[in-house]
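Shown next, in structure tokens, is the structure this report addresses.
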Amino acid sequence: MRFVAKYEQMSTLQDTTNEVLTLAATHFKVPREQLTQDDDFFKKLGINSLQALDLLTRIEQHFHIELPDYELQGVSDFRTLAERIQSRL
Amino acid sequence: MLDLRQYNSLGDALRAALETWPDEICLIEADRERENLRLTYRQFKQAALPLARAMQDAGLVSGTRAAILMTNQSKWLISAYAIFFGGGVLVPLDYKLTAAEQIKLLQHSKPEFLVVEYHLWRALTQAEDFGQIQSRIVLVTEVPKGAELAGAKRWEEFVSTQESTFVPRERKEPACIVYSSGTGGRPKGCVLTHENYLEQCRAVAPVFPFLPGARYLSNIPTNHAIDFMGGFVMPFTGGGTVVHLRTLRPEYIREAFTRYNITYMAVVPLILKNLQHGLRERFAGLPPLKRRLLNTLIAANATLTRRRPNLKISRILLKDVHQAFGGGLRALLVGGAFTEPATIKFFYDLGIPIYNGYGATEACTAITLNDLKPPCTETVGRAVQGMEMRTINPNAEGVGQIAVRSKTVMSHYLDDEDMTAQTIVDGWLMTGDLGRIDGAGHLQLVGRMKNMIVTEEGKNIYPEDVETYFERLAVKEFCVFAANYLWPERSMVGEQLILVVHPESGQTITPEVISGIAERNRRLANYKRISGYLVWDRDFPLTASMKIKRVELAEQISKSVERSAVLSL
């Protein structure tokens, strides 16, 4: 049972990461296949801190959650961002 | 506005403000569209004094250092007042730094108290050097139920019902230690006195008068000198109101203008450009006829206000634009970095005065401000009241290092006599910036004598910090410089860093070396990246301990090659 629960959790995080990558690709008009979960989104997308906050708003709308600005503090890769989202789903 | 000549310390002046306007609103805190809190000056005092007493019981006495590490919010200001009331010295720290960088500054400033938001405390506890934090008392705000506090106390529970004791301080005694840089190398902790702040407030008040009813939207981090003055000391000593949003998202900032009828806001150039972009998009979406009418009105407003702003006329001519900003906006202050004249002009033509200026933490914020009489967007304005300003060793064009003398110049750098002696010479603060002062007293900045750049977000970037990313590059030696430091330009917009590489004898710069540079560059945050590289064929001048003599190398480069020799990546 414990194994199944853990597997489900891992699977969900992967789903969330994929959705975040798709949202970022659409929002900033870059091909989805160019983005990977370990990418630094500031560097890969060439965006500034305000544009990153824009992405956060887009993510909130998609997942129907509220992400305080500080959840982006010190976060620059898609995977960690997805983890922060996951903990609020 | 209180007559600040009567007071000896920030605690003294703020205490008088709380007594002068007990029923006026001093603070509004909103979280997006939800209003969390609204405090009168009386309620602010009632919130701060029990904290001050508890801090005094825990050892806060005259001169005790207490750090605040928080985003812009009500508890920042309540804590700061409690510290000043108890005679403490405030160390405001930048919440945008990494936990490792924050720990470095805590190690340097050694505060006995640390007031910190939960999410920032959590990051500190997870940092490798967490054990280096020596603060005796850590107060954490907004801790979730059941969260592990690693020995800290909950801010909300740290109160005492006993009466607190006001501790007077002298004008020349330290009020704050503010870090202007040094997270990568030598920390620069500016020791600013009570006099510095009180005089800075007096110097800027004629341009931004705060009266009861005036509302300031706090946006730049409060640890930064601009918001500490504009979003705390100035509105409080004038009976005004500070509005905190708990978010920096542009959509909520735009909404706040109308919801809270904002009077003033200070922004960094990046935010100003974002507001400009939003307005341009709205204008572009107008039907052609309306757009033509708008352009005519903008042109008429620009003509009628060419000598000085006239809000009455502008609010009539461009009513819709002003309504979008709440209808009560009197001015935007832009600072923290250089702003493009075209952006300032865009807003000015709409009748929204943009006061650009130039300042330094070492001078307790503003050195110059554009008084807009008349607007002179190519410059950063005239010296503020009480500020003497001159150029050192000006060249034929009048360009030299800017030096200033004023009661607002800091006392010294914390624990660094050498750097203090280099920076304050015979009472004059050497800014390290190059400029020219015109006949009307306007300052035009043209470059830097110090090797650094400032981004549009107001971030100071030091080449020494960037250099570490290029370690093990396959060349003999390398060094990073700010291009404006080597070849001062007339503009300080879009400043760039460049990498100087010296190949081994007989080595050519192959595509592999270039891709090695590019690969390392990609690891840097986008605003810290170098824009190009310069191949240098001579040995770098070195000290006895084999460190690069940067000043000497910079002189050699700027004398021998033009900026056009820099190759793009």
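Order of the sequence lines fixes the chain letters, A, B, ..., with proteins taken first and strands second; residue numbering starts at 1 for each chain. From a predicted model like this one, the values you see are computed outputs, not experimental measurements.
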Handout entry: Point-to-point distance, once rounded to the nearest 0.5 Å, from CE of B/M70 to OH of A/Y70
Key = 12.5 Å
Handout entry: B/R154 atom CZ, neighbour heavy-atom count above 12 within 6.0 Å
Key = yes
Problem - Under 4.5 Å from any heavy atom of chain A - which part of B/T71 - result: neither
Exercise for the section: Please examine the side chains of A/E66 and B/R32, heavy atoms only from C-beta on, and report whether any two atoms are closer than 4.5 Å. Expected result: yes
Exercise for the section: Name the region of B/E117, side chain, backbone, both or neither, that has any atom closer than 4.5 Å to a heavy atom of chain A. Expected result: neither
Problem - Heavy-atom side-chain proximity of A/L50 to B/P250 below 4.5 angstrom - result: yes
Handout entry: Contact class of A/I47 relative to chain B, heavy atoms under 4.5 angstrom
Key = backbone
Fill in the blank from the handout: Here the gap from B/Y252 atom OH to A/T57 atom OG1, rounded to the nearest 0.5 Å, amounts to 6.5 Å
Problem - Approximate separation, where rounding is to 0.5 Å, of B/T247 OG1 and A/L53 CG - result: 6.5 Å
Handout entry: Residues A/S49, B/L248; criterion side chain to side chain contact (heavy atoms under 4.5 Å, CB included); working and verdict
Key = CA-CA 10 Å; A/S49 56; B/L248 293 175; over 6 Å; no
Fill in the blank from the handout: With chain A, the option among B/H119, B/R249, B/R529 that has the most non-hydrogen atom pairs under 4.5 Å is B/R249
Handout entry: Neighbour count >12 (heavy atoms, 6.0 Å) for atom NE2, B/H277
Key = no
Practice task
Return yes when atom CD of B/Q126 has more than 12 non-hydrogen atoms of other residues, nucleotides or ligands closer than 6.0 Å, and no otherwise.
Solution key: yes
Completion exercise
Value for CG (A/N48) from CG (B/N274), rounded to nearest 0.5 Å, stands at 8.0 Å
